[in-house]
Amino acid sequence: CLFSIKKSSNKFLEIILISNRANISENIIKLVDNFIEIGDNILPSEARNIGSLFANGNWLYFLDDDSKVHKQTIEYILDIIATKKIFASRGKIIPLNDIEPKCPPHYDLGDEILINAKLTTEGNLLIKKSLFLSAGGFDPLMYAHEGLDLTYRCTKVIDSAKITYHPNIII
């Protein structure tokens with residue numbers, strides 16, 4: 001995941017790695033701006049919440065460690081941010097192999113931008129930091145469907161039309 005992010009042409013990214021695994025190599029730690037090691041095995045939703053508190057930027061992009069970011073994804077994210085019309089967007093997930101030939105239908109919603117999307121790809125999710133924090137972040141006790149819960153709370157703060165599915169945010 002980190003190597004694929006580093007292939008982006010944008011050098012102004014801040015990468016925060018939250019780890020609850022022992023023995024993260026120094027070579028990996030050197031790739032990130034902020035390394036936070038948590039001794040206990042916490043749920044991904046809480047790890048994402050912790051990372052959001054350390055982020056200095058106005059936007060958060062959540063990824064899982066087993067993701068490979070498409071080489072153009074970061075540029076598309078910067079384009080989305082520049083429009084100033086979107087407050088959150090989830091992307092497309094394409095499996096790297098044929099081990100799981102039938103992936104869940106919410107991984108790929110097609111090739112058109114959709115408004116009023118549900119943030120159902122928590123490991124490929126872009127969100128304005130102020131919205132994330134005002135909506136209360138992810139429920140730290142949820143494992144699975146925490147993006148649906150976050151979507152519901154976000155729509156209490158903003159118009160649902162500001163939440164999209166963007167097919168070019170690909171992992």
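Because the structure is a prediction, the values reported are computed rather than measured.
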Student: Got a second to check how far S45's OG is from L141's CG, nearest 0.5 Å?
Tutor: 7.5 Å
Student: Linking Ile, Leu, Val, Met, Phe, Trp and Tyr through side-chain heavy atoms less than 4.5 Å apart, which residues share a cluster with L109?
Tutor: L114, Y165
Student: Using the rule that Ile, Leu, Val, Met, Phe, Trp and Tyr join whenever any side-chain heavy atoms are under 4.5 Å apart, tell me whether L78 and L131 fall into a single cluster.
Tutor: no
Student: Are I171 and L63 close enough, and set up right, to give a side chain to side chain contact (heavy atoms under 4.5 Å, CB included), and what steps lead you there?
Tutor: CA-CA 9 Å; I171 60 169; L63 290 167; 3.7 Å; yes
Student: Could you list all the ring pair (Phe, Tyr, Trp, His ring centres under 6.0 Å) pairs where at least one residue sits in residues 38-68, not counting sequence neighbours?
Tutor: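 Qualifying pairs, neighbours excluded: F62-F132, F62-F138.
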Student: Quick one: list whatever passes salt bridge (charged side-chain N to carboxylate O under 4.0 Å, His left out) with D64, sequence neighbours left out.
Tutor: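 Checked D64 against salt bridge (charged side-chain N to carboxylate O under 4.0 Å, His left out); matches are R48.
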Student: Can you tell which of N124, T121, D111 makes a side chain to side chain donor-acceptor pair (under 3.5 Å) with K92?
Tutor: D111
Student: For K128, enumerate each residue passing the salt bridge (charged side-chain N to carboxylate O under 4.0 Å, His left out) test, keeping only those at least two apart in sequence or located in another chain.
Tutor: none
Student: Contact between E14 and D33 at the side-chain level, heavy atoms closer than 4.5 Å - yes or no?
Tutor: yes
Student: Would you check if I169 and S89 make a side-chain contact, meaning some heavy-atom pair closer than 4.5 Å?
Tutor: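 With C-beta onward as the side chain, the pair touches.
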Student: Considering only Ile, Leu, Val, Met, Phe, Trp and Tyr, and joining two whenever side-chain heavy atoms are under 4.5 Å apart, list the other residues clustered with Y76.
Tutor: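 Taking Ile, Leu, Val, Met, Phe, Trp and Tyr as members, Y76 stands alone, with no cluster partners.
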Student: For side chain to side chain contact (heavy atoms under 4.5 Å, CB included), just list the numbers for L148 and L119, CA-CA rounded to whole Å, side-chain angles, deciding distance to a tenth of an Å, and then say yes or no.
Tutor: CA-CA 6 Å; L148 282 174; L119 302 172; over 6 Å; no
Student: Are Y143 and P44 close enough that some pair of their side-chain heavy atoms sits under 4.5 Å apart?
Tutor: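 Side-chain contact under 4.5 Å: yes.
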Student: Check whether any side-chain heavy atom of L133 lies under 4.5 Å from a side-chain heavy atom of L53, and answer yes or no.
Tutor: yes
Student: Indicate the atoms forming the closest heavy-atom contact of A117 with T164, along with that distance.
Tutor: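 Taking A117 first and T164 second, the nearest heavy atoms are CB-C, 3.3 Å.
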Student: I163 versus N116: any side-chain heavy-atom pair under 4.5 Å?
Tutor: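 No. Closest side-chain heavy atoms not under 4.5 Å.
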Student: Got a salt bridge between R153 and D139, using NZ or NE/NH1/NH2 to carboxylate O under 4.0 Å?
Tutor: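 Result for this pair is no, no salt bridge flagged.
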Student: Are there over 12 heavy-atom neighbours, none belonging to D66, within less than 6.0 Å of that residue's CG?
Tutor: yes
Student: Check the pair N168, Q72 against side chain to side chain contact (heavy atoms under 4.5 Å, CB included), reporting the backbone distance first and the verdict last.
Tutor: CA-CA 8 Å; N168 292 324; Q72 297 296 319; over 6 Å; no
Student: Please find the pair of heavy atoms, one from G123 and one from S67, that lie closest to each other, and give the distance.
Tutor: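 Of all heavy-atom pairs spanning G123 and S67, the closest is O-OG, 4.0 Å.
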Student: Please examine the side chains of P167 and I113, heavy atoms only from C-beta on, and report whether any two atoms are closer than 4.5 Å.
Tutor: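 A side-chain contact exists here, since the closest heavy-atom pair is under 4.5 Å.
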Student: Check for a donor-acceptor pair, side chain of S4 on one end and backbone N or O of K68 on the other, with a separation under 3.5 Å.
Tutor: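 Side chain of S4 to backbone of K68: no pair is present.
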Student: For the pair L60 and L126, evaluate side chain to side chain contact (heavy atoms under 4.5 Å, CB included) and give the outcome as yes or no after the intermediate values.
Tutor: CA-CA 6 Å; L60 305 170; L126 172 70; over 6 Å; no
Student: Evaluate the side-chain proximity of T73 to I5: yes if any heavy-atom separation is below 4.5 Å, no if none is.
Tutor: no
Student: Does anything in residues 112-125 pair up under salt bridge (charged side-chain N to carboxylate O under 4.0 Å, His left out), and if so which pairs, sequence neighbours excluded?
Tutor: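 Qualifying pairs, neighbours excluded: none.
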Student: Between V32 and V69, is there a shared hydrophobic cluster once you connect ILVMFWY residues whose side-chain heavy atoms come closer than 4.5 Å?
Tutor: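 V32 clusters together with V69.
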Student: Does some side-chain heavy atom of F87 sit less than 4.5 Å from a side-chain heavy atom of D159?
Tutor: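 No, every pair of side-chain atoms sits at 4.5 Å or beyond.
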Student: Hey, what do you get for CD (E146) to CD (E46), rounding to the nearest 0.5 Å?
Tutor: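 Between atom CD of E146 and atom CD of E46 there are 11.5 Å.
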Student: State, to 0.1 Å, how close M142 and D149 come at their nearest heavy-atom pair, and which atoms those are.
Tutor: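 Shortest heavy-atom separation between M142 and D149 comes out as SD-CB, 3.7 Å.
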Student: Please answer: with hydrophobic residues joined when any side-chain heavy atoms are less than 4.5 Å apart, are L150 and Y152 in the same cluster?
Tutor: no
Student: Give, for atom OG1 of T83 and atom CD1 of I81, the distance between the pair rounded to the nearest 0.5 Å.
Tutor: 9.0 Å
Student: State, to 0.1 Å, how close I127 and A88 come at their nearest heavy-atom pair, and which atoms those are.
Tutor: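 So the two residues come closest at CG1-CB, 3.8 Å.
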Student: Taking all atoms of both residues into account, what is the closest heavy-atom pair of K129 and G57, and its distance?
Tutor: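 Scanning both residues completely, I find the closest heavy atoms to be CD-O, 3.4 Å.
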Student: Linking I/L/V/M/F/W/Y whenever their side-chain heavy atoms sit closer than 4.5 Å, directly or via other members, would I80 and L13 fall into one cluster?
Tutor: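 Linked within one cluster.
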Student: When clusters are formed by joining ILVMFWY residues with side-chain heavy atoms under 4.5 Å apart, either directly or through shared neighbours, do I18 and F35 land in the same one?
Tutor: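 No, because I18 and F35 fall into different hydrophobic clusters, even though each may have its own neighbours under 4.5 Å.
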